[in-house]
Participant: 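Below is a structure I'd like to ask you about.
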Amino acid sequence: MSSDHVQSAERSAGAAEAPPADAEAPPADAEAPPADAEAPPADAEAPPADAEAPFLELLARGASADAYEQPVLLARAEGRSAEWIAALQRAKPLALRVRSELEGRRRREAELSALFETAHDLAGLRDLDAVLQAIVQRARSLLGTDVAYLSLNDPARGDTHMRVTEGSVAARFQQLRLGMGEGLGGLVAQTARPYVTDDYFKDDRFQHTRTIDAGVRDEGLVAILGVPLMLGHHVIGVLFAADRRARVFEREQIALLGSFAALAAAAIDTANLLAETRSALADLELANEIIRDRSGVIERASDVHDRLAELVLRGGGVHDVAAAVSEVLDGTVVFAEAAATPAEALESSRADGHAVRFEDDWIAAVAAGGELLGALVLRGQPGLDPVDQRTLERAAMVTSLLLLARRSAAEAEQRVRGELLDDLLDARDRDPRLLRERAARLHADLDAVHVVLAARLEGGAADADQEADARRRLAAAASHLAATRHGLAAARDGGTVLLLPLRPGDSATDLARRAARHLGTAVHTPVTVGASAPAEGLATRTDAVATAYAEARRCLDALRLLGRSGDGAAAEDFGFLGLLLAGDRDIPGFVDRTIGQVVAYDRRRGTELLRTLDAYFACGMSPARTKDELHVHVNTVAQRLERVGRLLGDDWQTPARALETQLALRLHRLSEPGQH
């Protein structure tokens, strides 16, 4: 796809985010009384004290926007005074604004309800087609479109095909297949980005084909919105909403359809995992039937089959599988990470799908989709009959399924925890009841005292891929820590933010230091952690979490500036500097009062007085060492310091003034962009 097409698609998506054209607003024909209107007689009717009452009645019964003209028209028909009519006209736009807000809240509640219902359907997944049909139906209903449909990619044929439709009437449209990059849907499937068009046949951003255009024309579609169905970084299909008339989709509608697409992708992923699990269980059943033909081996194979099946059904862990197989094979079976397993034997096992012998051990690769997750290692059993070898291989397969299931569950929980923390930070959803309910489902209590932690990796990565991998490992470790501590975690600003409850007897400093040690150990890289002061009322105070996060980031920056990377601290650890870091202290004012004239002088003249001051204090206030540090003549240092004295006053080198000046210099560096 050309860059012109991408830019055009982005402009169209931006247009889709504009407020809807039919949004209700106060009528433009409401006019104030003319300036030269005659004053009412002394006995004229007084303006109403309850001009809002008619509009409150309209709000109470959910009247349409047009009905809000009636009180004014009725007052004019009854010959009410100009003051009365003016009061009604002032009340009308306020009432319309309240009505618009109520309508928006009802719409958001309906959207959230539909998402919860869909998630409930997904949790009790029995029939994939039924869940996908419900998702498409709800998407069509909430977006108010004529048609909604879902297509899935076919890797074997290299195209995408219709899977579920709702509101469609054309048979040819329901049987369409789109090549990758063909039509709007093919473009979404190829680029993994949402696309929207308000007039399909006039849009040249995507490739039109005779077959696709004929199907769209049969269905009568004009405006189409498509969002990708993603599993990880891979597109598996596209979810669409379409109208048979020109229409501009709003940003909230695009986001809502994207949420339904995420649920649809999760349903497909869950169904695939269930199918793999059923396949594994079927394989185990087949192995059991074969083993029954042999006497001594039959008992062992039957036992391992039963145990592994039970483990799968009750959600056991990989170490439970290893323990069960150890008993059956009368040996020691352990799960080992890929890095701790002989590479040649591990790759050989992964390539042919069988356990391989390595010295006196047997190694069975635990892999899924080409990714090596580890290995099951049977220690000290150089002799292994084919049936026991097959048992070890089946156990490795079950282990891979358990690991994939655990990863999917962990990623889902991590997303949910991150979304709630993002909402608390960005103040998008301020309904305390909903926030508490969402937190309770994650075993978090927003009414408890919490501390916000800002964490960041130290040490640069060799390349962008390694840095991205390190950040993913930090996010995973933070999410695990948050889950075990009944808190929340999310990736943010190139690092990670955590919201953890403060236990009795703990301090923010203790929590920050433990988090720094825990995260650093988990990712094998130093992690610096800044902590806020304890915060309360997170569900009710709109800025509580955001303010605490800003304080935590200031502490993080202070730690790094002071050379304490890899450590954890709160504002209380910095003494006077901590007082400046905490809350809403006037740091810029302090810097300006202390060294503001020097900063301004440097900016006006392009001089280096600030740099000279930094070097002067760093060299123990010795001009001789300062000139060596700056690589200038000692007379230059003396002239610059003389200029500083004229700007700051003759007493600038006294102990008290020198301390304030050094602190102001450090804070100035801390606040300068690119100096962190």
Side-chain angles (χ1 to χ4, degrees), residues 155-156 232 269 272-313 315-408:
D269 190 29
N272 291 338
L273 287 174
L274 288 174
E276 291 178 3
T277 302
R278 293 190 186 101
S279 176
L281 291 174
D283 289 341
L284 290 172
E285 193 67 41
L286 177 61
N288 188 42
E289 292 177 0
I290 297 173
I291 292 172
R292 285 175 185 163
D293 295 333
R294 304 178 60 182
S295 58
V297 179
I298 288 176
E299 294 299 327
R300 296 200 308 273
S302 177
D303 188 17
V304 73
H305 169 267
D306 292 341
R307 295 190 183 199
L308 293 179
E310 180 185 359
L311 286 172
V312 171
L313 294 174
V318 294
H319 298 292
D320 296 326
V321 174
V325 179
S326 296
E327 293 183 16
V328 172
L329 298 183
D330 193 22
T332 301
V333 178
V334 296
F335 174 78
E337 299 290 342
T341 307
E344 184 177 350
L346 183 61
E347 180 59 30
S348 175
S349 176
R350 185 198 65 80
D352 62 20
H354 295 294
V356 298
R357 182 176 171 179
F358 179 78
E359 297 179 353
D360 289 340
D361 300 336
W362 284 85
I363 296 174
V366 176
E371 178 185 3
L372 278 172
L373 305 175
L376 284 185
V377 181
L378 174 61
R379 307 262 189 216
Q381 290 275 22
L384 198 64
D385 65 52
V387 175
D388 286 345
Q389 179 181 340
R390 188 64 172 166
T391 297
L392 184 61
E393 294 163 2
R394 292 301 181 194
M397 181 184 298
V398 171
T399 301
S400 68
L401 293 175
L402 291 175
L403 288 174
L404 286 177
R406 178 181 295 178
R407 177 189 292 180
S408 296

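Keep in mind the model is a prediction, meaning the values are calculated, not measured.
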Participant: Let me see the working for L376 and F335 under side chain to side chain contact (heavy atoms under 4.5 Å, CB included), right down to the final yes or no.
Facilitator: CA-CA 5 Å; L376 284 185; F335 174 78; 4.1 Å; yes
Participant: Counting N and O atoms only, with roles assigned by atom type, does the side chain of S349 sit under 3.5 Å from a partner on the main chain of H354, one being a donor and the other an acceptor?
Facilitator: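 Side chain of S349 to backbone of H354, a donor-acceptor pair under 3.5 Å: yes, one is there.
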Participant: Return the minimal non-hydrogen interatomic distance between A336 and V377, and the atom names on each side.
Facilitator: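 Looking at all heavy atoms of both residues, the shortest contact is CB-CG2, 4.2 Å.
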Participant: Taking all atoms of both residues into account, what is the closest heavy-atom pair of R379 and D361, and its distance?
Facilitator: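 That would be CA-OD1, 3.3 Å.
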Participant: Is E393 reaching over with its side chain to a backbone N or O of A355, donor-acceptor style, under 3.5 angstrom?
Facilitator: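 A pair under 3.5 Å: yes.
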Participant: Pairs under 3.5 angstrom only: tabulate donor-acceptor contacts from the side chains of residues 337-348 to other protein residues two or more places apart or in another chain.
Facilitator:
unit_1, atom_1, unit_2, atom_2, d
T341, OG1, E337, O, 2.9
E347, OE1, R350, NE, 3.3
E347, OE2, R350, NE, 3.3
E347, OE2, R350, NH2, 2.6

Participant: I'd like to know if the side chain of R390 reaches the main chain of L392, judged simply by a donor and an acceptor atom lying under 3.5 Å from each other, with no hydrogens or angles considered.
Facilitator: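 Not confirmed, R390 side chain does not pair with L392 backbone.
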